[in-house]
Chemist: 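Dropping the structure in here first, questions after.
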Amino acid sequence: PVAAAVWQPSQPIMTVAIVMMLGWEVPNGRRIGGVILSFVGCAAMVVLSTKDSKSKDNEESEDAEADAASSSYRFLANLVGHVLFFFNCLCTSLYIL
């Protein structure tokens, strides 16, 4: 749930970054700083929420072998989910342009 809440507001950030790369807007320090700060904040929220969910899962599990397989599956599923969210937001930003 946190990942979806963080990825969706990234669309304006991506739109501004694309517009500056295309040269439609003049990049200046404030714009570039805002894009970087927003990206770092979103990335921190995703990473911290992932670590929090891992620690909760470790408390509930007792079987180490099954936990390792489950953990690698969850990591892959989370990675695929984040990649799909990224492309969803990127395509929406490109559509707006």
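In this text the structure is predicted, and so the values were computed from the model without any measurement. FYI, the numbering just counts along the sequence from 1.
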Chemist: How would you list, by chain and number, every residue that makes a side chain to side chain contact (heavy atoms under 4.5 Å, CB included) with L90, sequence neighbours excluded?
Modeler: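 With neighbours one apart ignored, the set is M14, I18, F86, F87, L94.
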Chemist: Please identify each residue that fulfils side chain to side chain contact (heavy atoms under 4.5 Å, CB included) with I32, with sequence neighbours left out.
Modeler: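 If we apply the side chain to side chain contact (heavy atoms under 4.5 Å, CB included) test to I32, skipping adjacent residues, the hits are M20, P27, I36.
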Chemist: Let me confirm one number: the OG1-CG distance from T92 to L97, rounded to the nearest 0.5 Å.
Modeler: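 Output value for this atom pair is 11.0 Å.
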Chemist: Got a second to check how far C91's SG is from I96's CD1, nearest 0.5 Å?
Modeler: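 Reported value, rounded in 0.5 Å steps: 11.5 Å.
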Chemist: Enter the distance from I13:CD1 to C89:SG here, rounded to the nearest 0.5 Å.
Modeler: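 Between I13 CD1 and C89 SG, I get 9.5 Å after rounding to 0.5 Å.
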Chemist: According to a hydrophobic-cluster definition based on side-chain heavy atoms being under 4.5 Å apart (Ile, Leu, Val, Met, Phe, Trp, Tyr only), do V83 and W7 belong together?
Modeler: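 Looking at the clustering, W7 is in the same group as V83.
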Chemist: Same cluster for Y95 and F85 if Ile/Leu/Val/Met/Phe/Trp/Tyr side chains link at under 4.5 Å?
Modeler: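 No, Y95 and F85 fall in different hydrophobic clusters.
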Chemist: Among residues two or more places apart or on two chains, list those pairs meeting salt bridge (Lys or Arg N to Asp or Glu O under 4.0 Å) that have a residue in residues 79-97.
Modeler: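 Listed by first then second residue: nothing to list.
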Chemist: Test your reading of the model: is there a side-chain donor-acceptor pair from S93 to the backbone of Q11, 3.5 Å cut-off?
Modeler: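 Indeed, once roles are kept as given, a pair shorter than 3.5 Å links the two residues.
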